[in-house]
Amino acid sequence: MQNRNAAHALRAASATIGCLALSAALAVSMHPFAFATSSEHDSKAQEYADSSAQKKAEAAEIQQQIDALQTRINEAAAAHDAALAEYEAAVAAVEDADARLKEAEDKTVRLRDQLGSRAITMYKTGETNIVDVLLGSSSFDVFIRSWDAVRRIADQDAQLIEESKQARLDAYEAREEGMRQRSIAQAKTEEAEQARVEVVASQTEMQATLAGVNEEIARLDALQEEEEMAAEEARRLEEEAARLAAQKFNVGSGAIAGAISSGGWTHPLPGARVTSEYGSRTDPITGKVSAYHSGIDLAMPIGTPVGAAKAGTVSYVGWYGTGGNAVIVNHGDGVRTVYMHLSGFNSSVGDVVQPGQCIAFVGNTGRSTGPHLHFNVEINKTPINPRAVLSF
């Protein structure tokens with residue numbers, strides 16, 4: 001009973017110290033990152049940190065561009081305000097010119113009426129007749145004074161007419177110039193507003209891009225933190241494994257705790273999870289349906305020690321094609337077991353091993369989709385269902 005509890009308490013081993021660094025199997029199996037070592041978590045955390053740093057640099061560059069666009073927006077707004085002020089000044093100038101033009105026209109109307117009335121009066125009184133002026137004069141001095149009065153009246157009328165014409169001309173020219181300035185200012189106003197709208201649109205687009213980059217940074221930072229926490233937990237479990245291993249095993253024994261059946265069989269990887277059964281299955285790599293699977297796959301972290309399933313002699317240690325690194329143990333009477341996808345070995349050809357003795361370590365070599373042990377039981381080199389001799 002004590003050995004069985006120990007089997008469920010141990011899980012993984014550090015390949016650097018061989019079979020002595022066994023981890024707590026139950027603790028590791030309950031951990032969400034059970035199939036990665038502390039160094040793997042550290043490496044992954046560093047990858048996320050590097051990616052996050054790149055994204056942060058990208059975010060800083062985008063923020064600089066946004067700030068530059070804000071400067072352009074401010075400049076466009078200032079240009080718009082200046083152009084609008086020019087437009088309003090031009091409108092005021094046009095209105096002033098209109099008022100002056102109206103005043104000149106009103107003055108012209110009044111002058112015309114005044115001259116008309118005067119002409120009628122002069123006609124009726126005969127003031128414009130020089131003969132009448134001459135004949136009506138008692139002396140030449142009186143004539144001169146009378147004629148001078150007629151001329152001054154004429155000259156005054158002429159001056160009033162000229163002033164009226166000039167006032168109208170000045171007002172008209174002022175109005176034309178105001179209209180021209182108003183048109184120019186209006187074009188400037190529209191141009192500045194269009195520039196501002198375009199820059200605001202660019203800034204809005206870049207702000208959306210920045211928001212996406214910041215979300216990615218937050219995601220990477222969270223993943224980095226998660227991996228760092230997992231690495232710490234993995235280190236704790238590895239340290240606990242080494243401590244338990246030192247308590248439970250003697251140097252050189254390499255025995256993996258596990259019940260031995262009446263036929264001398266024991267589980268090669270206590271506590272492992274079966275991920276693929278013997279027989280027909282869908283190939284996990286090619287997707288081929290009804291592909292033949294010659295053994296049972298047992299999932300465990302890389303470096304977990306693998307025990308001999310039965311007493312026997314190691315007949316092969318090395319590369320086994322798609323099976324990656326492999327160990328073969330002969331048990332007599334044509335029975336042999338094959339252990340594939342290993343990360344390392346703890347046995348050599350010719351070694352006589354006992355049930356549960358550490359012969360290798362779980363890996364992910366060869367044609368494999370993840371850390372696991374592919375375990376074959378063969379009779380005369382023909383695979384049979386391992387469940388025929390062991391319970392999994």
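The structure presented is a predicted model; accordingly, all values stated were derived computationally and were not measured.
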So CG of L223 and OG of S52: to nearest 0.5 Å the spacing works out to 10.0 Å
OG1 of T209 to CG of N214, rounded to nearest 0.5 Å, is 11.0 Å
> Is Q186 reaching over with its side chain to a backbone N or O of S183, donor-acceptor style, under 3.5 angstrom?
Replying inline: no
- Message: Under a 3.5 Å distance rule, please check whether Y339 uses its side chain to pair with a backbone N or O of A309 as donor and acceptor.
- Response: yes
Check your understanding: Any side-chain donor paired with an acceptor under 3.5 Å for E198 and Q194?
Key -> yes
message: Whether the side chain of T204 engages the backbone of V200 through a donor-acceptor N/O pair (distance < 3.5 Å, no angle test) should be reported.
response: yes
Heavy-atom closest pair (H341 atom, G324 atom, distance to 0.1 Å) is ND1-N, 4.4 Å
Could you walk me through whether Y316 and V327 pass the side-chain contact (heavy atoms from CB on, under 4.5 Å) check? CA-CA 5 Å; Y316 180 84; V327 171; over 6 Å; no
I302 and E40 have their tightest heavy-atom pair at CD1-OE2, 3.9 Å
Donor-acceptor pairs under 3.5 Å, side chain of residues 83-92 to any protein atom, not counting sequence neighbours: which ones?
{"residue": "E86", "atom": "OE1", "partner": "K188", "partner atom": "NZ", "Å": "3.4"}

For P301 and P371, the nearest pair of non-hydrogen atoms, with its separation, is C-CB, 4.4 Å
Sorted by chain and number, sequence neighbours left out, salt bridge (Lys or Arg N to Asp or Glu O under 4.0 Å) with E193 holds for R196
In short, C358 meets P305 closest at the heavy-atom pair SG-CB, 3.7 Å
Using the rule that Ile, Leu, Val, Met, Phe, Trp and Tyr join whenever any side-chain heavy atoms are under 4.5 Å apart, tell me whether F375 and M340 fall into a single cluster. no
- Would you indicate whether the side-chain heavy atoms of V353 and V314 approach each other to under 4.5 Å? yes
Using a 6.0 Å cut-off, check whether atom CD of E61 has over 12 heavy atoms from anything other than its own residue.
no
Check your understanding: Would you find more than 12 non-hydrogen atoms of other residues, nucleotides or ligands less than 6.0 Å from D67 atom CG?
Key -> yes
**Asked** Just checking, is any N or O donor in the side chain of S368 or N364 under 3.5 Å from an acceptor N or O on the other one?
**Response** yes
Is the number of heavy atoms from other residues, nucleotides or ligands within 6.0 Å of CD (E205) greater than 12?
no
Rounded to the nearest 0.5 Å, the CE atom of M179 sits from the CD1 atom of I184 at a distance of 12.0 Å
Does L298 belong to the same Ile/Leu/Val/Met/Phe/Trp/Tyr cluster as Y320, with side-chain heavy atoms less than 4.5 Å apart forming each link? no
Taking the side chain as C-beta and beyond, is there a heavy-atom pair between H374 and S294 under 4.5 Å? yes
Residues K55 and L220: closest non-hydrogen pair is CG-CD1, 4.0 Å
Exercise. Side chains of E58 and Q54: is there a donor and an acceptor less than 3.5 Å apart?
Worked result: no
Please lay out, stage by stage, how Y278 and H293 fare under the test side-chain contact (heavy atoms from CB on, under 4.5 Å).
-> CA-CA 5 Å; Y278 166 87; H293 191 227; 5.5 Å; no
Taking only distance into account, with no hydrogens and no angle test, what donor-acceptor pairs under 3.5 Å do side-chain atoms of residues 378-392 form with protein atoms, sequence neighbours excluded?
{"residue": "E378", "atom": "OE1", "partner": "R336", "partner atom": "NE", "Å": "2.6"}
{"residue": "E378", "atom": "OE1", "partner": "R336", "partner atom": "NH2", "Å": "3.0"}
{"residue": "E378", "atom": "OE2", "partner": "N376", "partner atom": "ND2", "Å": "3.4"}
{"residue": "N385", "atom": "OD1", "partner": "R387", "partner atom": "N", "Å": "3.0"}
{"residue": "R387", "atom": "NE", "partner": "E277", "partner atom": "OE1", "Å": "3.0"}
{"residue": "R387", "atom": "NE", "partner": "E277", "partner atom": "OE2", "Å": "3.4"}
{"residue": "R387", "atom": "NH1", "partner": "F392", "partner atom": "O", "Å": "3.4"}
{"residue": "R387", "atom": "NH2", "partner": "E277", "partner atom": "OE2", "Å": "2.7"}

State yes or no: do I328 and L373 share one hydrophobic cluster built from I, L, V, M, F, W and Y residues joined by side-chain heavy-atom distances below 4.5 Å, directly or via other members?
-> no
Quiz prompt | Heavy-atom side-chain proximity of V213 to I62 below 4.5 angstrom | solution = yes
Is the side chain of S343 donor-acceptor paired with the backbone N or O of V362 at a distance under 3.5 Å, no angle test?
yes
Check: Just checking, any donor-acceptor pair under 3.5 angstrom between side chains of T337 and H331?
Finding: yes
Rounded to the nearest 0.5 Å, the CD1 atom of I73 sits from the CD atom of E75 at a distance of 10.5 Å
Expected output: side-chain T365 to main-chain L342 donor-acceptor under 3.5 Å:
yes
Is there a continuous path of hydrophobic side-chain contacts, each under 4.5 Å between heavy atoms, that joins F345 to V349? yes
Pair K56 + D221: basic N to acidic O under 4.0 Å: yes
>> For a salt bridge (charged side-chain N to carboxylate O under 4.0 Å, His left out) check, start with the C-alpha distance between K44 and E47, then their side-chain angles and the critical distance, and finish with the verdict.
In response: CA-CA 5 Å; K44 198 67 178 176; E47 288 180 14; 3.5 Å; yes
**Study point:** Transitive ILVMFWY side-chain link I359 to V317, under 4.5 Å
**Key:** yes
#### Entry: Verdict with reasoning, T189 to H80, per side chain to side chain donor-acceptor pair (under 3.5 Å)
CA-CA 5 Å; T189 303; H80 177 271; 5.5 Å; no
| query | Does the pair D42 and Q46 meet the rule for a side chain to side chain donor-acceptor pair (under 3.5 Å), with working shown? | reply | CA-CA 6 Å; D42 286 334; Q46 187 59 49; over 6 Å; no
CD of Q207 to CD1 of I66, rounded to nearest 0.5 Å, is 5.0 Å
So do S315 and V329 actually touch side chain to side chain, heavy atoms under 4.5 Å?
no
(Q) Can you confirm whether F361 sits close enough to V306 that some side-chain heavy atom of one is under 4.5 Å from a side-chain heavy atom of the other? (A) no
Rounded to the nearest 0.5 angstrom, the NE2-CD distance for H41 and E226 is 9.5 Å
Closest heavy-atom pair, G263 versus K310, reported as atoms and distance to 0.1 Å, is O-CE, 3.3 Å
| said: Counting only heavy atoms from other residues, nucleotides and ligands, does the tally under 6.0 Å from CD of Q70 exceed 12? | reply: yes
